[in-house]
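In the text below, chain A, chain B and the rest are named by the order of the sequence lines, each starting its count at 1.
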Amino acid sequence: MDELFLSYIHGDSILYRLDPRTKLVTLMVISILVLQTFTFPCLGVFIIFFILLAHLSGVSTGILIRSIKPMLIFFTFIFLMHLFLTKGTPIFQIGLVHPTFEGLTTGTIITARFVLLILFASLLTATTRPTMITNGIERLLRPLPLKRFGLSSFDIATMMSLSIRFVPVLLNTARQIRYAQISRCLDIRHNMFRGVSTTITPMIRESLQTADELAIAMESRCYQGNFRTSLFELKMRSADWVVLCGISGLAVLSYI
Amino acid sequence: MIRINNLSYTYPDRTLALDGVDLSIEKGEFVALIGKNGCGKTTLVRHLNALLMPTSGSISVFGMDTTDTSNVWNIRQTVGMVFQNPQTQFVGTTLEEDVAFGPENLALPQNEIQERVDRSLREVDLLEYKTYSPKTLSGGQMQRAAIAGILAMEPQCIVLDEVTSMLDPQSRSNVLDTIAQLHQSGKTIIYVTQRIEEILPIADRIISMNNGRIEFVGTPKEYLASVESPIPAVTSLMRKLKAKGFDVNGNVFTVDDALLEITKATQVRDKNKTETSGNG
Ligand SMILES: Nc1ncnc2c1ncn2[C@@H]1O[C@H](COP(=O)(O)OP(=O)(O)OP(=O)(O)O)[C@@H](O)[C@H]1O
Ligand SMILES: [Mg+2]
C-alpha cells in the first residue's frame, strides 16, 4: 500500500513524453495558483482541469485518487480545525462546541486546496520516472550558486534518488525488527513508548550500517559528487515549449 | 598486475588488521582468498582500489601507486569491487539505472552509457530485466547486477568480497558461472570466500590468510597437498576412505573425480578378490 503513494505507473501518453522540467515548472505554477484560490468557482475550474489532465495522462483516476489516502487523517484534522475554530454564525451549538458556516466554507476550500495539490503532484509522479524527476530537478538547480553551501546540484539529485531507493528498504527493516520482537514475545502494541524506543535503537544502527556500506559501494564506483552525465538525458521538444507558454499565459491571466 | 609490498594496516581503534603482507597477482589470473572471520581479507582487498590506504608498505595496481591521490579514480576504474550485501550496493531505482551509475560518474556521453549498460547486462544474462526494480529481483540477480555495474566501467580486474554468502545454492552457482565466464574473457579475478569447495575447481591460485598474515599461496593441488583444513566435504570423505585402507587419491575435490577414483578402487579390489579366491 505504501508503494502506491506517489509512485510511477508504467504507461505512455502525451504527459509521459513531456520533459520532466516542463512538468515540474507547470506543477509549481499550478500549486501557486491553487494556493491562491478563495472561491468555489475557482476550485471548480481546477477540479475540471485536473480531470482533463488525468484523462490525458491515461493513468487510471482511481490510482491517482488513492494517493490521497495516506494523508486522509491530516486533511480531516485541517477541516475540523477550521470548522470548529473559525468565528461566525454557528450551525448548531452543544456546550462550548459550535461549528460555524464560515468555518465550513474556509475548511472546505483549504482542504480542497491540499487535496488538489496532492492530486496534481500524483499526476507528475505517476507519469515521470523517479530518475527523470531527480534529473529534472538537478537541471533546474544547476544554475543556482549551491557551491557556497558546499553542495552541488548533482549531490542533491543523488540524495533524492537514494531516498527514493532506500526509504522502502528502511520501512521494510522496521517491519522486520517489529516481527522479530513480537516473535520473542515483546508485544509492543500494549506499550507505545517502549515500542518506539525498542524499534528505533536497532533501526538507527541498521541505517548507519546501510549508509556506511552504501557510501563505500558508491565511492568504489567513482562517485565524486560533481559533474556527471545520465543514462536519460533531458530534451525539450516543441510540445514542452507549447505547454510552458500555455501555463505562463494562464498565470498572467489569473493575475489580471 | 598487482604488487603488494610489506603492507600493514591498523584501524583507527588500533586493531592491527594486516601485518606485513607481500603478494603479487598477475594479469588474467583467478585468485581465491580464503581465511577465517576477521583474518583481514576485506581489509586487504579494500586496499586494492584505494578505499583504504596502507599504514605502512605499498601497493601498485597496474603500474599505479594507490597512495598517490591523483591515481584514485583511475585505480577505481581499473579495479572494480563487488560487495557482500546485494541490497546496499544497488543504488538505482531500476536495474539499468543501477548499472549506469558508474559510467554516469565517469561523465560518459549518453549513447556510450546506453551501450555499456546493454553490453554489461547481456554479459551477466540480465538484459531482459533491464527495467525491473530491485524489489522484484532475487538476491542472485542483484549480485549479477552488481557485477554488471562494475563491468560497465570496463575494469581490468574484479574483486568480489564474499558475494555469494547471502545467496541460496542455485543463485550461488549462477553467480559463480558468471564469474568463471568473466575469467574466460580475460579479466583478472580476486575472489574472497569462506567456502573452499566453490573455488578449488575454478581458481588458478589459493591464498589463505590468518591473523592479518598470508599463510599459504599455491595452486589448488598444492593447497590440498599441504593443508589439513578447511577442505571440501568430498576431499574429506576421500581421505577417510583412504584411512580405511581404500586405495583412492585423497586430494580430489569434485564429485566426478571422486566417482572415478572410487570406481577404479572398487575394480582393483574386486580383481584382487577374484585372484585370491581363484588361487585358494
Ligand atoms: N572499521 C573497522 N574498525 C575497526 N576494526 C575493524 C574494522 N573493520 C574490521 N576491523 C577488524 O579488523 C580485523 C580484520 O577484519 P576484516 O573485516 O578485514 O576480516 P575478514 O577476513 O574480511 O572477515 P570476515 O570473514 O568476517 O569478512 C578484524 O579483527 C576486525 O574486527
Ligand atoms: Mg570480510
Side-chain angles (χ1 to χ4, degrees), chain A residues 2-4 7-12 125 128-135 138 152 154-155 157-173 176 206-235, chain B residues 42 45-46 48-52 72-118 130-131 133-136 146 149-150 152-153 155 158-159 161:
Chain A
D2 42 24
E3 275 132 33
L4 269 180
S7 59
Y8 176 71
I9 320 281
H10 264 285
D12 189 26
T125 55
T128 322
R129 285 169 194 286
T131 343
M132 292 303 249
I133 299 182
T134 50
N135 277 4
E138 187 275 309
S152 71
F154 299 97
D155 275 325
T158 310
M159 276 187 243
M160 282 190 301
S161 54
L162 288 179
S163 333
I164 296 170
R165 159 81 179 95
F166 281 98
V167 166
V169 174
L170 291 179
L171 287 178
N172 196 26
T173 313
Q176 277 170 8
E206 192 75 22
S207 318
L208 287 179
Q209 173 79 19
T210 303
D212 195 40
E213 288 177 13
L214 181 65
I216 288 174
M218 285 170 62
E219 222 183 292
S220 81
R221 282 162 83 181
C222 291
Y223 181 71
Q224 308 168 57
N226 45 26
F227 183 79
R228 57 199 300 269
T229 49
S230 172
L231 176 62
F232 305 106
E233 286 297 335
L234 307 181
K235 207 167 161 200
Chain B
T42 299
V45 293
R46 285 196 179 170
L48 300 181
N49 72 349
L51 286 171
L52 291 176
V72 169
W73 306 112
N74 263 334
I75 288 173
R76 291 191 183 158
Q77 260 180 78
T78 314
V79 179
M81 183 137 348
V82 185
F83 302 85
Q84 178 173 23
N85 190 338
Q87 277 292 341
T88 53
Q89 56 185 319
F90 198 105
V91 296
T93 48
T94 64
L95 181 49
E96 59 178 342
E97 279 168 31
D98 182 65
V99 176
F101 183 75
E104 286 174 349
N105 290 335
L106 304 178
L108 298 172
Q110 185 193 13
N111 54 356
E112 168 90 29
I113 298 177
Q114 188 70 64
E115 233 168 72
R116 286 189 181 201
V117 167
D118 287 355
K130 207 163 136 162
T131 58
S133 85
K135 272 183 298 222
T136 53
I150 295 305
M153 314 228 302
I158 303 177
V159 177
D161 191 356

Notebook entry, point to check: What residue in A50(B), S133(B), P134(B), A152(B) has the most heavy-atom pairs under 4.5 Å with chain A?
Noted result: P134(B)

[X] portion near chain A, given a 4.5 angstrom heavy-atom threshold:
| X | result |
| --- | --- |
| V72(B) | neither |
| P155(B) | neither |
| A100(B) | side chain |
| D161(B) | neither |

Notebook entry, point to check: Salt-bridged, E97(B) to R129(A), with N to O below 4.0 Å?
Noted result: no

Margin query: Report which part of F166(A) has an atom under 4.5 Å of a heavy atom belonging to chain B: side chain, backbone, both, or neither.
Written below: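 Interface part for F166(A): side chain.
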
Check: Side chain, backbone, both or neither: which part of L162(A) has a heavy atom under 4.5 Å from chain B?
Finding: side chain

Item checked: Residue pair E138(A) / A157(A): nearest heavy atoms and the distance that separates them -> CB-CB, 3.7 Å

Exercise answer: donor-acceptor pairs, residues 80-87 of chain B side-chain atoms, under 3.5 Å, sequence neighbours excluded:
from, atom 1, to, atom 2, distance (Å)
Q84(B), NE2, S165(B), OG, 2.8
N85(B), OD1, Q87(B), N, 2.9
Q87(B), OE1, R165(A), NH2, 2.9

Item checked: CD on E96(B) to CD on Q114(B), rounded to 0.5 Å -> 6.5 Å

Check: Between CG of L106(B) and CZ of R76(B), what distance do you get to the nearest 0.5 Å?
Finding: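 With rounding to 0.5 Å, CG (L106(B)) is 12.0 Å from CZ (R76(B)).
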
Margin query: Using 30° and 60° as the class boundaries, would you call the ring planes of Y223(A) and F101(B) parallel, tilted or perpendicular?
Written below: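 Answer is parallel, since the angle falls under 30°.
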
